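Step one of this worksheet: look at the structure below.
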Amino acid sequence: MKYKPYSLYNFRKIPQIENLTEEQKFNIEVVGTVLPFKTNNYVIDELIDWDNFEEDPLFILNFPQKEMIDNDSFNKIAALLKNKASKQIVQQEVNKIRLKLNPNPAGQESNVPVFEGKKLNGIQHKYKEIMLFFPTQGQTCHAYCTFCFRWPQFALSEFKFAMKEADSMVSYLKANPKITDVLFTGGDPAVMKTRFFKEYINALLDADIPHLKNIRIGTKSLTFWPYRYTTDDDADELLELFEKVKRKGINIALMVHINHPRELKTKVVKRAVKRLISVGVQVRSQSPLLRKINDNADIWAKNWKEQVKMGIIPYYMFIARDTGAQDYFAVTLYRSWQIFRNAYNQISGICRTVRGPSMSCDPGKVQVVGVSEIKGEKVFVLNFLQGRDSSWVGKPFFAKFDPEAVWFDDLEPAFGDSKFFFEDAYFEMHA
Ligand SMILES: *Cc1c(COP(=O)(O)O)cnc(C)c1O
Ligand code: SF4
């Protein structure tokens with residue numbers, strides 16, 4: 001299959017779009033002006049169920065929905081578009097709305113290291129053993145998820161993290177012997193041509209860094225454009241590169257986003273996974289829990305079972321981040337835990353490599369372990385899976401139970417405490 005992208009400018013040419021009313025198409029235009037919108041022929045032809053598109057999780061995952069922005073914002077942009085306002089005027093209004101959508105969640109800016117007097121704006125280093133690398137050529141995606149927490153990478157240049165040169169990455173890595181993992185991320189690094197991958201990965205291999213143990217690539221491409229690993233021009237070359245990493249004694253892991261089990265049904269995705277595994281790539285899966293997409297325990301159980309059958313290792317279940325269309329997708333922490341638990345109950349031990357539900361917030365990755373009652377007080381039991389300070393990890397702590405809470409910021413310490421155990425250290429770090 002040949003890749004064919006669609007965006008705001010040509011989506012009316014998608015044959016199946018005939019199924020939509022004029023109003024539905026206009027709604028896509030309005031919301032797509034604010035939130036980045038892009039899809040492709042594979043998602044359209046193979047993943048979306050057009051007979052039931054209004055409720056279809058894969059349609060909602062790719063096409064902007066009216067309720068994804070608040071009414072006020074919607075009406076403003078709708079009026080401007082109807083009145084054929086100038087691009088500049090529309091852009092001004094769009095920027096105002098975007099800035100209200102928390103474009104830079106979890107204090108990402110503070111993860112950018114300063115090295116030899118220079119800010120490395122294409123690296124994030126939050127947890128001591130892992131460094132994120134944002135290659136410039138990998139800052140877009142084959143299709144955009146409507147829940148995207150990286151949307152400013154596509155929409156707001158001043159919030160973008162990106163780096164062109166491999167040298168700075170290698171120097172930073174050499175100077176930080178505690179880093180064992182490099183995670184290529186984006187956007188989606190797998191939109192990069194193999195020749196760019198080669199440049200970055202060969203630089204890592206040639207540098208012979210003894211503490212580098214794992215190279216990870218975070219990607220949605222496996223299920224939004226699986227041909228990246230099968231028939232694309234440079235697919236074979238990419239697999240050879242992965243094999244080379246493996247031969248060098250470094251583990252290579254593809255961290256794939258799989259939101260819904262239907263994404264695993266096509267022949268080409270199965271073939272892609274087989275090919276990846278055959279060259280020694282570890283495939284691990286993660287996904288956020290999203291209302292209207294996968295807020296159901298059976299969907300998760302089915303997803304994990306199918307993944308394990310294919311050789312994919314379930315890794316994380318996330319809670320939708322507090323950015324962009326979060327209000328649309330949010331599932332309460334309480335329900336998230338119930339869904340996790342009811343799904344976890346249905347699977348065997350080899351699927352239980354998954355951890356969650358987890359919130360990636362500023363202090364770290366906080367897992368909602370469950371709800372309990374201690375000395376007559378109903379509480380959330382929480383646990384850091386990752387922490388800005390690694391000594392916080394694996395130490396259960398408690399928050400007042402709140403059935404409406406959807407994010408860490410909504411929580412308060414339990415038992416009348418004025419702060420969580422890590423707060424003093426956390427504020428000191430930010431001082
Ligand atoms: C999630 C995350 C990582 C990866 O953490 P692991 O638990 O090792 O998978 C690294 N850096 C940041 C900023 C993250 O949010
Ligand atoms: S793959 Fe990731 S970065 Fe790309 S649109 Fe989806 S959530 Fe955003």
Side-chain angles (χ1 to χ4, degrees), residues 5 7 35-40 43 58 61-64 103-113 123-134 138-155 160-162 178-191 213-225 228 251 253-259 263 282 284-288 290 293 313-321 323-326 329 353-356 358-367 383-388 390 393-394:
S7 69
L35 299 171
F37 166 47
K38 180 181 175 187
T39 187
N40 71 53
V43 173
L58 275 307
L61 192 55
N62 244 227
F63 285 78
N104 191 2
Q108 288 182 75
E109 192 52 41
S110 66
N111 304 339
V112 176
I123 287 180
Q124 286 188 29
H125 188 192
K126 179 173 179 179
Y127 307 125
K128 73 174 186 302
E129 75 283 6
I130 174 163
M131 173 185 118
L132 308 188
F133 178 62
F134 294 72
Q139 299 314 313
T140 175
C141 294
H142 289 100
Y144 293 156
C145 313
T146 39
F147 69 80
C148 184
F149 61 95
R150 285 277 166 68
W151 59 277
Q153 290 292 100
F154 324 131
K160 188 166 168 159
F161 301 99
K178 285 193 176 135
I179 300 177
T180 55
D181 292 34
V182 172
L183 169 59
F184 285 78
T185 184
D188 188 338
V191 299
K213 311 285 185 209
N214 302 290
I215 295 176
R216 308 190 208 172
I217 297 163
T219 184
K220 182 76 203 171
S221 60
L222 179 70
T223 65
F224 272 4
W225 190 250
R228 181 70 189 91
N251 180 36
L254 207 68
M255 315 298 289
V256 300
H257 306 184
I258 306 170
N259 307 110
E263 293 170 50
Q282 228 173 47
R284 292 177 183 262
S285 77
Q286 51 195 33
S287 166
L290 305 158
I293 307 282
I313 307 161
Y315 188 63
Y316 271 134
M317 176 204 269
F318 290 118
I319 288 169
R321 285 201 192 214
T323 180
Q326 185 206 22
F329 290 113
T353 47
V354 67
R355 292 162 304 153
S358 166
M359 293 174 270
S360 293
C361 38
D362 198 333
K365 283 189 169 66
V366 177
Q367 177 192 13
N383 175 41
F384 278 105
L385 296 171
Q386 276 287 15
R388 279 196 189 270
S390 60
V393 174

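These values consider heavy atoms only, across backbone and side chains, with no hydrogens, waters or symmetry-generated copies. Counting starts at 1 for both ligands and their atoms, in listed order. Being a predicted model, the structure only gives us computed values, none of them experimental.
Two residues are said to be in side-chain contact when any heavy atoms from C-beta on lie closer than 4.5 Å; M317 and S287 fail this criterion. The closest side-chain heavy-atom distance from P5 to K38 is below 4.5 Å. With contacts defined as side-chain heavy-atom distances shorter than 4.5 Å, the pair T146/F63 does not qualify. The shortest side-chain heavy-atom distance between Y316 and R284 does not fall under the 4.5 Å cut-off. Proximity of M255 to T185: side-chain heavy atoms (C-beta onward) are nowhere separated by under 4.5 Å.
Salt bridge annotation for K213-E129: absent, with no cationic side-chain nitrogen under 4.0 angstrom from a carboxylate oxygen.
The salt bridge (Lys or Arg N to Asp or Glu O under 4.0 Å) search around E109 returns K119, not counting sequence neighbours. Judged as a salt bridge (Lys or Arg N to Asp or Glu O under 4.0 Å), and not counting sequence neighbours, the contacts of R388 are D362.
Nearest non-hydrogen protein atom to atom 2 (Fe) of ligand 2 is H257 CE1, 3.9 Å.
In this structure, R150 and Q108 approach most closely via the heavy-atom pair NE-OE1, 3.9 Å.
Around atom 8 (Fe) of ligand 2, the protein N, O or S atoms found under 2.8 Å comprise C148 SG.
Each of K126, Y127, I130, L132, R216, Y315, Y316, K365, Q386 has a non-hydrogen atom positioned under 4.0 Å from some atom of ligand 1.
The cationic atom of R216 (NZ for Lys, CZ for Arg) does not lie both less than 6.0 Å from the six-membered ring centre of F184 and within 45° of the ring axis.
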